[in-house]
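One structure is given here, and the rest of the page talks about it.
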Amino acid sequence: MTPTAHRAMTHAEVEEAAARVAGRVRPVVLAPGEADSFESILALEFLQHTGSFKARGALNFLLWHRDRELLPEAGVTIASGGNAGLACAWAARSLGIAATVFLPATAPPVKVARLRDYGARVRLVGTHYADAAAACAEFAGESGALASHAYDHPLIAAGAGTLLTEIHRLRPDLDTVVVAVGGGGLFAGIATTAAQHGIRTVGVEPAHCRALDAALAAGHPVDVEVDSVAADSLGAHRATDLAVAAAARKGSARTVLVEDAAIVAARRALWARHRLAVEFGAATALAALDGDEPAYRPEPGERVCVVLCGANTDPADLAGDLPAP
């Protein structure tokens with residue numbers, strides 16, 4: 001039986017995922033950031049297969065089912081704003097099975113084009129993730145395809161958590177990890193692993209895509225409105241139970257909100273300072289540390305790792321930040 005998401009995740013699940021995907025994903029690269037009073041470390045996870053951390057969870061999900069001979073002839077299907085679909089299509093191709101991906105019609109063209117490059121069958125439905133998700137569920141019921149999820153599944157979240165396993169191996173002295181939050185799969189996996197090693201997790205959400213923040217305020221997942229420059233990757237209307245459980249661990253995790261202006265500024269800063277072109281969702285994590293009044297202010301000497309989780313973006317709008325010849 002497929003694991004259920006209605007419980008807290010365990011570190012053992014992340015360790016099992018790490019063993020399952022070992023040798024199949026690209027090891028994370030760490031690079032120094034820029035900070036005066038604390039140590040800033042950038043986790044360049046956008047160098048991962050498919051351009052985001054999602055490859056880890058998608059591969060873990062499909063390998064778990066393959067090992068139990070649970071992959072149907074109809075293949076796998078998923079609804080995604082883009083990155084999870086890319087990861088699912090890539091993982092499916094690596095295992096020789098079909099992938100049908102449902103996206104909102106508002107998905108960035110660069111992601112749609114790459115999906116087709118991976119051989120996925122692409123279906124554009126509605127204007128929000130919920131529209132694509134409903135169509136995907138209907139397709140799975142009719143075709144018998146294995147239904148995956150962009151973030152709300154223990155196997156997906158455990159796969160994402162393997163990123164922190166690698167970061168900790170490289171930097172066992174780390175104090176804090178800062179990560180952007182959408183539906184909460186990456187946050188749940190990282191926070192679960194970080195707690196095991198005594199590392200604090202700071203989850204960062206756009207002020208108008210605050211699914212996890214709203215869930216914590218209410219004591220359970222609730223629906224929220226979505227309106228942010230980072231909505232294509234962080235625009236979940238509801239956080240997962242897994243993320244809420246991970247965030248509720250006392251002393252090991254917290255969440256903060258950032259405005260779109262700060263996200264845009266952080267993305268431009270990554271390009272100007274480091275020549276790193278990332279998507280707005282990835283820049284959201286750094287936005288929590290930047291500016292005169294940062295949403296998260298590290299203590300002097302604190303060792304902080306910022307996860308740059310995805311780069312499936314069109315960098316053409318960064319051209320204005322290039323210096324004049």
Beyond-backbone contact of Leu103 with Arg123, side-chain heavy atoms, under 4.5 angstrom: no
Taking every non-hydrogen atom, the tightest pair across Ala239 and Pro221: O-CB, 3.4 Å
query: Which heavy atom in Ala288 sits nearest to a heavy atom in Val256, and how many Å separate them?
result: CB-CG2, 4.0 Å
- line: Looking only at heavy atoms, the pair that brings Ile167 and Ala43 closest together is CD1-CB, 3.9 Å
- prompt: Looking at Thr201 and Ala194, what are the two nearest heavy atoms and their distance?
  reply: OG1-CB, 3.3 Å
- prompt: Applying the 4.5 Å side-chain criterion to the ILVMFWY set and letting contacts propagate, would Val21 and Ile97 be lumped into a single cluster?
  reply: yes
field: Glu293 atom CD, neighbour heavy-atom count above 12 within 6.0 Å
entry: no
- prompt: What class does the angle between the rings of Phe102 and Phe139 fall in, given that below 30° is parallel, 30 to 60° is tilted and above 60° is perpendicular?
  reply: tilted
- prompt: Salt bridge between Glu302 and Arg297, side-chain N to carboxylate O under 4.0 Å?
  reply: no
field: Pairwise distance CG(Asn312) to CG(Leu115) - rounded to 0.5 angstrom
entry: 9.0 Å
- prompt: Do Leu318 and Leu44 belong to the same hydrophobic cluster, where Ile, Leu, Val, Met, Phe, Trp and Tyr are linked whenever their side-chain heavy atoms lie under 4.5 Å apart, directly or via other members?
  reply: no
query: Do the non-hydrogen side-chain atoms of Phe53 and Asn83 ever get within less than 4.5 Å of each other?
result: no
- prompt: From Arg254 CZ over to Asp213 CG, what is the distance, rounded to the nearest 0.5 angstrom?
  reply: 11.0 Å
- prompt: Are Leu212 and Val177 connected, step by step, through hydrophobic side chains (Ile, Leu, Val, Met, Phe, Trp, Tyr) whose heavy atoms are closer than 4.5 Å?
  reply: yes
- request: Verify side chain to side chain donor-acceptor pair (under 3.5 Å) between Asn60 and Glu16, making sure each step is shown before the conclusion.
  value: CA-CA 9 Å; Asn60 186 49; Glu16 290 168 6; over 6 Å; no
task: Supply the atom-to-atom distance Thr284 OG1 to Asp260 CG, rounded to the nearest 0.5 angstrom.
output: 8.0 Å
task: Kindly indicate whether a cation-pi arrangement holds for Arg267 with Trp271, taking the cut-offs as under 6.0 Å to the six-membered ring centre and within 45° of the axis.
output: no
field: Rounded distance (nearest 0.5 Å) linking atom OG1 of Thr165 with atom CG of Leu170
entry: 11.0 Å
- prompt: Does a side-chain heavy-atom distance below 4.5 Å link Ile41 with Leu174?
  reply: yes
message: Could you check whether Arg68 makes a cation-pi contact with Trp64, meaning its NZ or CZ is under 6.0 Å from the centre of the six-membered ring and within 45° of the ring axis?
response: yes
task: Over 60° means perpendicular and under 30° means parallel, so classify the ring planes of Tyr151 and His149, tilted if in between.
output: perpendicular
- prompt: Is Leu242 close to Pro154 at the side-chain level, that is, under 4.5 Å between some pair of heavy atoms?
  reply: yes
query: Charged N to carboxylate O below 4.0 Å: is that the case for Glu166 and Arg26?
result: no
message: side chain to side chain donor-acceptor pair (under 3.5 Å), that's the test. Do Thr193 and Gln196 meet it? Break it down for me.
response: CA-CA 5 Å; Thr193 311; Gln196 179 72 20; over 6 Å; no
- request: Take the angle between the ring planes of His168 and His197 and call it parallel below 30°, perpendicular above 60°, tilted in between.
  value: parallel
